[in-house]
Each structure stands twice: as structure tokens, then as C-alpha cells.
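Report on the structure given below.
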Amino acid sequence: TWDGSNTEFISVVKNTTNETKEISRVKVTILYEDENKNEKTQELLIYFGDSIPAGEVRTSSTIIDINLSHTQKVEYEILK
């Protein structure tokens, strides 16, 4: 969500398996257009803790000073 000076980027992960998963960090790569229609890339490291028990949900909120209103693509990579 862009508030005029910052974007709040909210990430949610749910463990849909029957076992605890070790997913502590996720790299997020965001392709977006800036105010001049130039394509830009922003990478974020999102932390979810050490592990996620079966069926549980974890949420992380990151504040950045970039307008991501015109995001074209978001890719996630689990770093463990």
C-alpha cells in the first residue's frame, strides 16, 4: 500500500503440509514501473522466523520508500 511516501509490502506464507517446514527467509524480487514509466527492480528479504508448524500462517510487513503501485511482477525464492 502506497501512502504518498512509503509502501507497506505485506507477505503471508501458509504451511499447507502436515509437517513443520523450515522457511525462515524469502527473497522477493519486484519488477515495477517508476513515475517516469522506467522499469525497475527491487529486492527484499522477508523473515518469517525459524520454522512454520503444519497448518500455521506467518505474516511479515516491510516498509520501503518506493512506490510499488505499478508492480508488474513479483517472484519469491525460499532461502531457508
Side-chain angles (χ1 to χ4, degrees):
T1 306
W2 175 250
D3 69 5
S5 58
N6 292 302
T7 295
E8 181 179 19
F9 187 85
I10 299 171
S11 303
V12 179
V13 64
K14 180 178 182 179
N15 181 354
T16 59
T17 70
N18 293 324
E19 56 190 51
T20 297
K21 292 292 183 180
E22 304 299 319
I23 301 175
S24 63
R25 293 183 307 148
V26 175
K27 181 173 85 172
V28 180
T29 304
I30 305 165
L31 177 65
Y32 68 98
E33 283 186 354
D34 68 10
E35 62 279 350
N36 298 316
K37 302 272 186 199
N38 297 313
E39 286 191 356
K40 302 276 186 165
T41 301
Q42 177 68 40
E43 288 188 349
L44 304 172
L45 284 179
I46 308 297
Y47 296 91
F48 290 105
D50 294 329
S51 61
I52 303 173
E56 288 199 11
V57 175
R58 294 282 163 78
T59 303
S60 177
S61 176
T62 304
I63 304 293
I64 58 173
D65 63 350
I66 298 171
N67 184 350
L68 297 178
S69 297
H70 300 287
T71 297
Q72 299 170 332
K73 183 178 180 181
V74 178
E75 295 179 347
Y76 298 89
E77 177 184 353
I78 297 171
L79 301 177
K80 296 189 181 187

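Just so it is clear, the model here is predicted, and its values are computed rather than measured. Nothing fancy with the numbering, it's 1 onward along the sequence.
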Hey, does the side chain of T7 reach the backbone of F9 with a donor-acceptor pair shorter than 3.5 angstrom? no
Nearest atoms (heavy-atom pairs only) where V26 meets F48: CG2-CE1, 3.7 Å
Tell me whether N36 contacts the main-chain N or O of N38 through its side chain, where contact means a donor paired with an acceptor under 3.5 Å. no
If you round to the nearest 0.5 Å, how far is CD of E35 from NZ of K37? 11.0 Å
For N18, does the CG atom have more than 12 heavy-atom neighbours from other residues, nucleotides or ligands under 6.0 Å away? no
Look up atom CD in E8 and atom OG1 in T62, then write down how far apart they are to the nearest 0.5 Å. 8.5 Å
Tell me whether L31 is reachable from I46 by hopping between hydrophobic residues (I, L, V, M, F, W, Y) whose side-chain heavy atoms are closer than 4.5 Å. no
Approximate separation, where rounding is to 0.5 Å, of T16 OG1 and I52 CD1: 10.5 Å
Listed pairs under 3.5 Å, donor-acceptor, residues 64-79 side chains, sequence neighbours left out:
residue	atom	partner	partner atom	Å
N67	OD1	S69	N	2.8
N67	OD1	S69	OG	2.6
T71	OG1	L68	O	2.6
Q72	NE2	E33	OE2	3.1
K73	NZ	E75	OE2	3.0

With distance as the sole test, does R58 use its side chain to make a donor-acceptor pair with the main-chain N or O of S51 at under 3.5 Å? yes
Here the gap from I10 atom CD1 to T59 atom OG1, rounded to the nearest 0.5 Å, amounts to 8.0 Å
Is the number of heavy atoms from other residues, nucleotides or ligands within 6.0 Å of CG (D3) greater than 12? yes
